[in-house]
Amino acid sequence: MLGCVFEHETAEGLVAVELTEVEAYAGEIDPASHAYRGRTGRNAVMYGPPGHAYVYFTYGMHFCVNVVCMPEGSPSAVLLRAGRVVTGESLARERRTTRRPETAAPGKTSAPSVIPARDLARGPARLCQALAINRIQDGADLCDPVSPLRLRRSDSNVSGDSPAIAVGPRVGVSAAADTAWRFWRADDPTVSVYRPYKARTTRPTNHTDTNSVWTG
DNA sequence: CGTCGGATAATCT
DNA sequence: GATTATCCGACGA
């Protein structure tokens, strides 16, 4: 799948990326897979036919997209982690630009930060934001040429020349952290930065509000 | 350049 | 109630 084109056609226009980084999840035998504990409402699409999109919502604010890759009943998928934008760069940047509230003090000009091209789809959630992928696309057929969301071979580079592929552990997973099922184009600037899993201290929920009074 | 904490809510146990 | 296949801004070197 590295080097294939992943594209989404919407009313706003077409944004296409060339995939530079992917990650494999091997269904019910893989402790890091969403399907490890069996079928649920969220992972149902993974149990369906291959070539369809499995989109999930995570961290309370991000979407990630997978390609279902094994026959019906085998819930395996490949997470699309990063890509290089080849079509619709301005639209992708528009979607990726986080407009913050005007923090500029009176008399001062706020510096408009332009997102570098390499960062537009650098990371699984960024890729989804650049392509405007959300829950609606969960289950979409990626192999139907008529589908607005498609995965296809690149028009260029049909010569068979393929850049070197690097292999390493998956990003951000707590289980099976040493399994090297992440694949990326070596020396490509659009590949996401590796960050190992880091457990986070659960912020204590405020059970005792400030007005409660202990009478005992 | 690097590391670190916070945001934020669906999903699952 | 805990966990999470992440990202961004802040801060220090």
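Every chain is numbered from 1 and lettered A, B, ... according to where its sequence line falls, protein lines coming before strand lines.
In this structure, A/R195 reaches the bases: a heavy-atom distance under 4.0 Å links it to at least one base atom across the strands shown. Among the atoms of the strands shown, only primed sugar atoms or phosphate atoms (P, OP1, OP2) are found under 4.0 Å from some heavy atom of A/R135. Across all strands, A/A32 comes closer than 4.0 Å to base atoms (heavy-atom distances). Looking at heavy-atom distances under 4.0 Å, A/Y197 makes contact with sugar-phosphate atoms alone, never a base.
Heavy atoms of other residues, nucleotides or ligands lying less than 6.0 angstrom from CZ of A/R37 number 12 at most.
Scanning DNA chain B for stems, defined as runs of 3 or more consecutive Watson-Crick or G-U wobble pairs whose donor-acceptor distances all fall under 3.5 Å, gives the following ranges: B:1-7 with C:6-12, B:9-12 with C:1-4.
Taking for each of A/H62 and A/N43 the nucleotide of DNA chain B with the nearest heavy atom, the 5'-most of the two is the partner of A/H62.
Comparing C/dA5, C/dT4, C/dC7 against the side chain of A/A125 picks out C/dC7 as the nearest. The side chain of A/T58 sits closest to C/dT4 out of C/dT4, B/dA9, C/dC7. In this structure, of C/dA5, C/dC7, B/dT8, it is B/dT8 that holds the atom nearest to the side chain of A/M61. Side-chain proximity of A/R42 to B/dA7, B/dT11, B/dT13: nearest is B/dT11. For A/T40, whose side chain is taken as the heavy atoms from C-beta onward, the closest listed nucleotide among B/dC4, B/dA10, B/dC12 is B/dC12.
Using a 4.5 Å heavy-atom cutoff, the side chains of A/V55 and A/N134 are not in contact.
No hydrogens or angles were tested; on distance alone, nothing pairs the side chain of A/Y59 with the base of B/dA9 as donor and acceptor under 3.5 Å.
Regarding A/Y56, its OH atom lies at a distance of 9 Å from the C1' atom of C/dT4, rounded to whole Å. What separates OH of A/Y36 from P of C/dT4 is a distance of 14 Å, to the nearest Å.
A donor-acceptor pair shorter than 3.5 Å can be found between the side chains of A/R81 and A/S192. With no hydrogens or angles considered, a side-chain donor-acceptor pair links A/Y47 and A/E28 at under 3.5 Å.
Cation-pi geometry between A/R135 and A/F57 is met: under 6.0 angstrom from the ring centre, within 45 degrees of the axis.
Between A/E18 and A/R84, at least one side-chain nitrogen of the basic residue sits less than 4.0 Å from a carboxylate oxygen of the acidic one, meeting the salt-bridge criterion. Under a 4.0 Å N-O distance rule, the pair A/D119/A/R122 qualifies as a salt bridge.
Between A/R126 and C/dA5, a side-chain N or O to OP1/OP2 separation shorter than 4.0 Å is absent.
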